[in-house]
Every structure is written in C-alpha cells, then in structure tokens.
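In listed order, ligands and their atoms are each counted from 1. Values below: every heavy atom of this structure, side chains too, minus hydrogens, waters and symmetry copies.
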Amino acid sequence: MSGFPLTGPWLLYGANGYTGELVARHALTRGHRPILAGRREAAVGALARELGLEHRVFPLDDPARVEGGLEGMSLVLHCAGPFARTFRPVAEACLHTRTHYLDVTGEVAVFEALAGRDAEARGAGVMLLPGCGFDVVPSDCLALHVKRRLPSARRLALGFEMRGRLSRGTATTALERIHQGGLVRRGGVLTPVPAAWRTRVIDFGRGPRSGVTIPWGDVATAWHSTGIPDIEVYMAMPRSLRLLLRTSRGFGPLLGSRPVQSLLRWRVRSGPPGPTEEERRRGWAFLWAEAEDEAGRRAVSRLKTPEGYTLTALTAVRIAERVLAGECPPGFQTPAKAYGPDFILGVEGVQRTDEE
Ligand SMILES: NC(=O)c1ccc[n+]([C@@H]2O[C@H](COP(=O)([O-])OP(=O)(O)OC[C@H]3O[C@@H](n4cnc5c(N)ncnc54)[C@H](OP(=O)(O)O)[C@@H]3O)[C@@H](O)[C@H]2O)c1
C-alpha cells in the first residue's frame, strides 16, 4: 500500500492556529513529536517551546522556502486555512520533494483541484489526502458504508446535526464563499444551486429536524469514494438560520463585495479563536447517510461522534499514524478510499448504527 518507504519525522504546518494547536497537543498525547511550522516565528516558536518541540518558520509565497521547510519530512499535515489560498504551494512542494500531503480542508474547490493532480501524485508516489478532519472523515466513511450496504445506489443524501461553535478560521473560510450559493452533484457533475436549495425533515439521530442543503466537502469527496452520481448534503438548522440563508440568495454580489467581506471578517476576528475546552467537551455531532437505488431500495446509517474540532484532532492524528505505518496509497485519496468505511469506528467516542 505504501507509496515509498517512510523515514524521518512529520511536519504540522499552521500549528499555531486553533486547529493546528489542538492537533499538536493531541499528537503529543499519542507519543508523536511533530515539527511545528507556520509563517510567524513569535507564534510558532512560543508554542514549540511550551510543548518542547522543534519548529520551522517559512511563508507559503516562496516555493524554494516551502520545499526547504519540508526537508527530511515524510509527511506534512497542513492546518493553515482558508485552504483555497494555502493548499497549492504546500501540495506543489510535496509533489517535488515526494512528501505525503494531508490537510483538514472542507473546501470543495480544494478537493477538486487536488483530485486533478491524481496522475502526477501517482507518478511521484505521493499521497494527496485532503479532508482529514470532521469535514470529511466521518461523512466519507458513512457514505462508503451505505454504498457497501446498497451497491446499486444511484442517489446519496448525507447530513449532520451538531452542537458546538465555529472557530474563527472556519468562519473566515465559510465567509469567503458565502456569496457563491449552494452545490450538489448531479450525474457525477458538481452543479450550482441556490443557497439552502432544498429542505428535508431528517432524523439525524435525535429525532426529526429540518435540514437544508449546504455546499459541504462531501459533494466533492463522496463521488470519488463511492461513485454515486447524485449527492446532496444537509445540515440541521433552526428556522431563523434557514430563512437567513434563503434571503441571502438575492444578495450574492453584495455579500461577495470587498467592503462587506471586510466587515464580516472584522466581526469574525473580534470573536474568540474557537470553542473552549469545556464547550468541546459538551459538544457532539450526529451524522446520517441515505443511499437509494432506482428501484427505491434504501440503506440508512448514522454516526454519533465527539464535537467537530475534537474529532478533527483525533482523525487527523490517526491518519498521520497510518501514513507513518506505510499505509499511503499514492495519488489523490479520500479518507474512506484510503482506509475504508470502518476507519471511523477506530476513533474514540464514535458509534455507528444501521437502520433496518
Ligand atoms: N474540515 C474540518 O473539519 C476542519 C476542522 C477544523 C478547521 N478546519 C479549517 O482549518 C482552517 C484553520 O482553522 P483554524 O480554526 O485553525 O483557524 P485559525 O485559528 O485562524 O488558524 C489559521 C492558521 O493558518 C495560518 N494561515 C492562514 N493563512 C495563511 C497563509 N496565507 N500562509 C501561512 N499561514 C496561514 C495562520 O497563521 P497566522 O497565525 O500567522 O495568521 C494560522 O496558523 C480553516 O480553513 C478551517 O475551515 C477545517
């Protein structure tokens, strides 16, 4: 399964961000000693000294310095987003230096761009595996699980309900595409739809809730994992938020304009970096997947997981461990394609149930 023999330690880029720091701390508890990296000495150095780890500082706008930053590494776990702005220099450097690439993006455009580098990555023996966090590890595993239960499936609906707050980085990333509306997959093709295009009442695991379609990463990845051509992703939302999303449809250009984006970013920056430890401890997520075939047969399964950022740290470190163990099929991968639909069951606090 290995692309090439693994040597040396691994690099965690964006280590000083909210998610990067959670990953670094969790990695330490599992006996790893990642080299921490980022673009600011003050922030990365301080964290590295506190955790007793080595660190490297390099920006992403100089390819030679990025390649230098990866020297001696067998893999990089990239946690600096929005990834639409940051994935390319890191992925390029990985392909040149034959370093395996992992990230925690949930951005459809990033998944698709990396999928487009599949042949190149295979040629280099490098694994490109984006989406190692809450988006998309549990939903990707659940998608492949329902496909396994109903191999004739032609339609896939995924959804989740969660308790927890967004980090500043996630909110900033979401803002960048807020004016672009929704996305679903139809006949294997990514298809733009209006924001909150469809509403469905779904039992995600805690009784019926209203969910609306959102442009979640799985509209990209579940196609690569399952080959099911029609895919929609739903998120449970209170009525007020559903209405707000629908109202936003008429304001796309305004929401995407520079002054409104600056104002929204300023609002996000003035908030806390992410959920507190206590909020993460009290948080949870329920995920649901429904596969359906042309004859109307259905397979429905659910997952219960820890809170999203906690889960991200757990799954990203587990995946890094699989890579270090030599399990790194070359080319573009999704979590479930690389490690199977049951990978998520090995993560603490995760339970799966199948509807009869
Ligand atoms: N898929 C998932 O389930 C999942 C889960 C968690 C997070 N995420 C994503 O991960 C990203 C980070 O989230 P977060 O909450 O950790 O955000 P954050 O606290 O704002 O941290 C962002 C990190 O990225 C770095 N960074 C940003 N732009 C950069 C650039 N152009 N060059 C180099 N470094 C750059 C920042 O460095 P400075 O401190 O120097 O600015 C910081 O280290 C977001 O895109 C978020 O959506 C996804």
Which residue supplies the protein heavy atom nearest to atom 12 (C) of ligand 1, what is that atom called, and how far is it? C79 O, 3.5 Å

Applying a heavy-atom cut-off of 4.0 Å, say which part of A43 lies close to ligand 1: side chain, backbone, both or neither. neither

In ligand 1, which numbered atoms sit nearer than 4.0 Å to a non-hydrogen atom of Y309? 6 (C)

Which bit of A80 is near ligand 1, meaning a heavy atom under 4.0 Å away: side chain, backbone, both or neither? both

Which option wins on minimum heavy-atom distance to atom 6 (C) of ligand 1: L166, N16, T19? T19

Only heavy atoms of G14, strictly under 4.0 Å: list the atoms of ligand 1 that pass. 43 (O)

Check A222 against L156 and note the closest heavy-atom contact, atom names and distance. CB-CD2, 3.7 Å

Does any N/O atom on G20 come nearer than 3.5 Å to any N/O atom on ligand 1? no

Please state which protein non-hydrogen atom is closest to atom 22 (C) of ligand 1 and give its distance, to 0.1 Å? G81 O, 4.1 Å

Check each of Q351, E355, E290 against R302 using the side chain to side chain donor-acceptor pair (under 3.5 Å) test, and report the only one that passes. E355

Region of R168 engaging ligand 1 - heavy atom pairs below 4.0 Å: neither

Report, in ascending order of atom number, the atoms of ligand 1 lying under 4.0 Å from any heavy atom of P82. 45 (O)

Contact partition for D135 relative to ligand 1, non-hydrogen atoms under 4.0 Å: both

Answer yes or no: does atom CZ of R154 have more than 12 heavy-atom neighbours from other residues, nucleotides or ligands under 6.0 Å? no

One pair to check against salt bridge (Lys or Arg N to Asp or Glu O under 4.0 Å): E92 and R88. What are the steps and the verdict? CA-CA 6 Å; E92 294 285 355; R88 208 175 298 278; 5.4 Å; no

Assign the ring pair F343 / Y339 to parallel, tilted or perpendicular, where the plane angle (0 to 90°) is split at 30° and 60°. tilted

The one among F83, Y13, Y18, F87 that brings a heavy atom closest to atom 19 (O) of ligand 1: Y18

No-hydrogen, no-angle side-chain donor-acceptor test under 3.5 Å, R246 and T199: yes

May I ask you to identify the nearest protein heavy atom to atom 15 (O) of ligand 1, giving residue, atom name and distance to one decimal place in Å? S167 OG, 2.5 Å

Which part of T105 is near ligand 1, with near meaning a heavy atom under 4.0 Å away: side chain, backbone, both or neither? backbone

Pick, from A84, G274, G169, the option with the minimum heavy-atom distance to atom 17 (O) of ligand 1. G169

So, S301 versus R149: side-chain donor-acceptor pair below 3.5 Å or not? yes

SB check E348 R318 (cutoff 4.0 Å): yes

Indicate yes or no: does E232 engage R186 in a salt bridge with an N to O separation below 4.0 Å. yes

What do you reckon, does R40 have a nitrogen or oxygen under 3.5 Å from a nitrogen or oxygen of ligand 1? yes

For atom 5 (C) of ligand 1, closest protein heavy-atom neighbour: T312 OG1, 3.4 Å

Suppose we measure from atom 48 (C) of ligand 1 to each protein heavy atom; which comes out shortest, and what is that distance? V104 O, 2.8 Å

Once the angle between the rings of W216 and F160 is folded into 0 to 90°, is it parallel (under 30°), tilted (30 to 60°) or perpendicular (over 60°)? tilted

Quick one: nearest non-hydrogen protein atom to atom 37 (O) of ligand 1, plus distance? R39 NE, 3.6 Å

Between Y13 and F58, how do the two ring planes meet: parallel, tilted or perpendicular, split at 30° and 60°? tilted

Got a sec, which pairs hit side-chain hydrogen bond (donor to acceptor under 3.5 Å, both in side chains) with one end in residues 45-54, sequence neighbours left out? R25-E50

Nitrogen or oxygen of T173 less than 3.5 angstrom from that of ligand 1: yes

How far is atom 21 (O) of ligand 1 from the closest protein heavy atom, and which atom is that? G17 CA, 3.2 Å

Within this structure, what is the CZ-NZ distance for the pair F286 and K304, rounded to the nearest 0.5 Å? 5.0 Å

Among protein heavy atoms, which sits nearest to atom 46 (C) of ligand 1, and what does the distance come to when rounded to 0.1 Å? T170 OG1, 3.6 Å

